[in-house]
Amino acid sequence: MTSAKGVQEGVPALLRLLDEHQVKASFFVSLGPDYSLYPLSDHIPRIIRRRLPVSYTSNRCRDELLAVANAGHDVGISAYTPVEWKQDVAFQSAPWTHQELLRAADAFDRLFGHAPRYFAAKGWQVNSHLLAEEEAMGFEFASDVRGQHIFLPELQGTRSQCPQIPTTLPTLDELLKEKEVNYDNLHQFLYAACQRILPNGEVFSLTAEREGGELLPVFERLLVMWKGGQWEIRAMSELFRRIGDTTLKRHQIGWGVPDGCAQHVAIQSTPVE
């Protein structure tokens, strides 16, 4: 959830759908300045963007965000300033990264009355400083990368004891870029991608802006198929609890471009002995 529009319109729609199907999920929210109302906000120079009048999602969407927690779903934080995070976090400094997480955590605490326990990187964009911050802040887990199973991360010499729960499945928008995929059969292609056995099951990532809006009917068809196939659908916190005291393997974080994705993203890579 990275925009007020997504929270105000997409989140209520998702909450209704999840409640109807009795499913719990994990929500990660950007609580800082929302520049999405400005056309081409991603391309506005930072020095100009920071001078623009802007609202803060934590203030503007208080009721909608509290409703997520009140419904029993996981709520964690994402980038405080998502447009800046997605643009160049890979090249940012330790102080910049620290301030992003600190501001996000402070806003979360003011809103929900307790510290956040989970983090997810916007657009699967990371740097090595993020791993150190996640461990220092005591997060139970993070979901910053694409991959195959839960692991302990290492990036550019920085190791973290904060486990990563990677996204394992393609996004709906990525699949839509395939020639044979359209809105009518999109759910079937994603369901087909789930027909494999992974150590911790599949992890699917969606956005309030897309799956809570135009793609909501597709997401509903997926839920019906998943439940009809006797699959267990659970929030990330429950998935993490189920691994218990299992010893997690450490893996390097690398970079790659998944099919249908427009940029390099962080990916679970080779194991580290």
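All residue numbers refer to positions in the sequence shown, counting from 1.
- A continuous path of hydrophobic side-chain contacts links F139 to L130 [ILVMFWY only; heavy atoms under 4.5 Å].
- Pairing each heavy atom of A79 with each of S30, the nearest pair is O-OG, 2.7 Å.
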Report, one line per pair, each donor and acceptor closer than 3.5 Å where one atom sits in a side chain of residues 180-188; sequence neighbours left out.
| from | atom 1 | to | atom 2 | distance (Å) |
| --- | --- | --- | --- | --- |
| N182 | OD1 | D184 | N | 2.8 |
| N182 | OD1 | N185 | N | 3.0 |
| Y183 | OH | E214 | OE2 | 3.1 |
| N185 | OD1 | N182 | N | 2.8 |
| N185 | ND2 | E180 | O | 3.1 |
| H187 | ND1 | D184 | O | 3.4 |
| H187 | ND1 | R221 | NE | 3.3 |

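- The side-chain heavy atoms of Y118 and S143, taken from C-beta on, include no pair separated by under 4.5 Å.
- Residues R234 and R242 meet the side-chain proximity criterion, which asks for heavy atoms closer than 4.5 Å.
- The CD atom of Q164 sits 13.0 Å away from atom CD of E154, with the distance rounded to the nearest 0.5 Å.
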Under 3.5 Å, side-chain donor or acceptor atoms of residues 56-63 against the rest of the protein: list the pairs with distances, not counting sequence neighbours.
| from | atom 1 | to | atom 2 | distance (Å) |
| --- | --- | --- | --- | --- |
| S58 | OG | L31 | O | 3.2 |
| R60 | NH1 | S55 | OG | 3.4 |

Residues L239, V203; criterion side chain to side chain contact (heavy atoms under 4.5 Å, CB included); working and verdict
CA-CA 10 Å; L239 173 64; V203 177; 4.1 Å; yes
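- Note on I77: it clusters hydrophobically with V126, by side-chain heavy-atom contacts below 4.5 Å among ILVMFWY residues.
- Here the CG atom belonging to L102 is positioned 12.0 Å from the OG1 atom belonging to T97, to the nearest 0.5 angstrom.
- Under a hydrophobic-cluster definition in which Ile, Leu, Val, Met, Phe, Trp and Tyr are linked whenever side-chain heavy atoms come within less than 4.5 Å, directly or via other members, L18 and V68 are assigned to the same cluster.
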Practice task
Might you work through the side chain to side chain contact (heavy atoms under 4.5 Å, CB included) test for V75 and L65, ending with a clear yes or no?
Solution key: CA-CA 9 Å; V75 186; L65 293 171; over 6 Å; no
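- Between F119 and the options Y80, W85, F141, a ring-ring contact (aromatic ring centres under 6.0 Å, His included) holds for only W85.
- Side-chain contact between T171 and T207 is absent, with no heavy atoms from C-beta onward closer than 4.5 Å.
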Task: Check against side chain to side chain contact (heavy atoms under 4.5 Å, CB included), E64 and L15 - done: CA-CA 10 Å; E64 292 87 351; L15 289 180; over 6 Å; no
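- Between D259 and P170, every side-chain heavy-atom pair lies at or beyond the 4.5 Å cut-off.
- Using a 4.0 Å cut-off between a side-chain N of Lys or Arg and a carboxylate O of Asp or Glu, E135 and R159 do not qualify as a salt bridge.
- In this structure, the side chains of S205 and W124 come closer than 4.5 Å at one or more pairs of heavy atoms.
- Annotation: side chain of Q268 is in contact with side chain of Q148 (closest heavy-atom distance under 4.5 Å).
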Give the table of side-chain donor-acceptor pairs shorter than 3.5 Å for residues 244-252, with sequence neighbours excluded, one pair per line with atom names and distance.
| from | atom 1 | to | atom 2 | distance (Å) |
| --- | --- | --- | --- | --- |
| T246 | OG1 | I243 | O | 2.5 |
| R250 | NH1 | P153 | O | 2.9 |
| R250 | NH1 | S160 | O | 3.1 |
| R250 | NH2 | Q161 | OE1 | 2.6 |
| H251 | ND1 | S269 | O | 2.8 |

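- The cluster map of Ile, Leu, Val, Met, Phe, Trp and Tyr, joined by side-chain heavy atoms under 4.5 Å apart, puts I233 and L172 in the same cluster.
- Annotation: ring-ring contact (aromatic ring centres under 6.0 Å, His included) contacts involving residues 193-225, sequence neighbours excluded, comprise F204-W226.
- In terms of hydrophobic clustering, with Ile, Leu, Val, Met, Phe, Trp and Tyr side chains grouped at heavy-atom distances under 4.5 Å, V29 and V11 are assigned to a common cluster.
- Distance CD/Q125 to CD/E84: 14.5 Å, rounded to 0.5 Å.
- Residue pairs meeting the side chain to side chain donor-acceptor pair (under 3.5 Å) criterion with at least one partner in residues 10-26, sequence neighbours excluded, are S26-D74.
- Aromatic ring pairs are classed by plane angle as parallel below 30°, tilted from 30° to 60° and perpendicular above 60°; the pair F151 and H149 is perpendicular.
- Sorted by first then second residue, the side chain to side chain donor-acceptor pair (under 3.5 Å) pairs that include residues 100-117, not counting sequence neighbours, are T81-E100, E100-R103, R117-E140.
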* To do: Check the pair T158, L155 against side chain to side chain contact (heavy atoms under 4.5 Å, CB included), reporting the backbone distance first and the verdict last.
  => CA-CA 5 Å; T158 298; L155 176 61; 5.5 Å; no
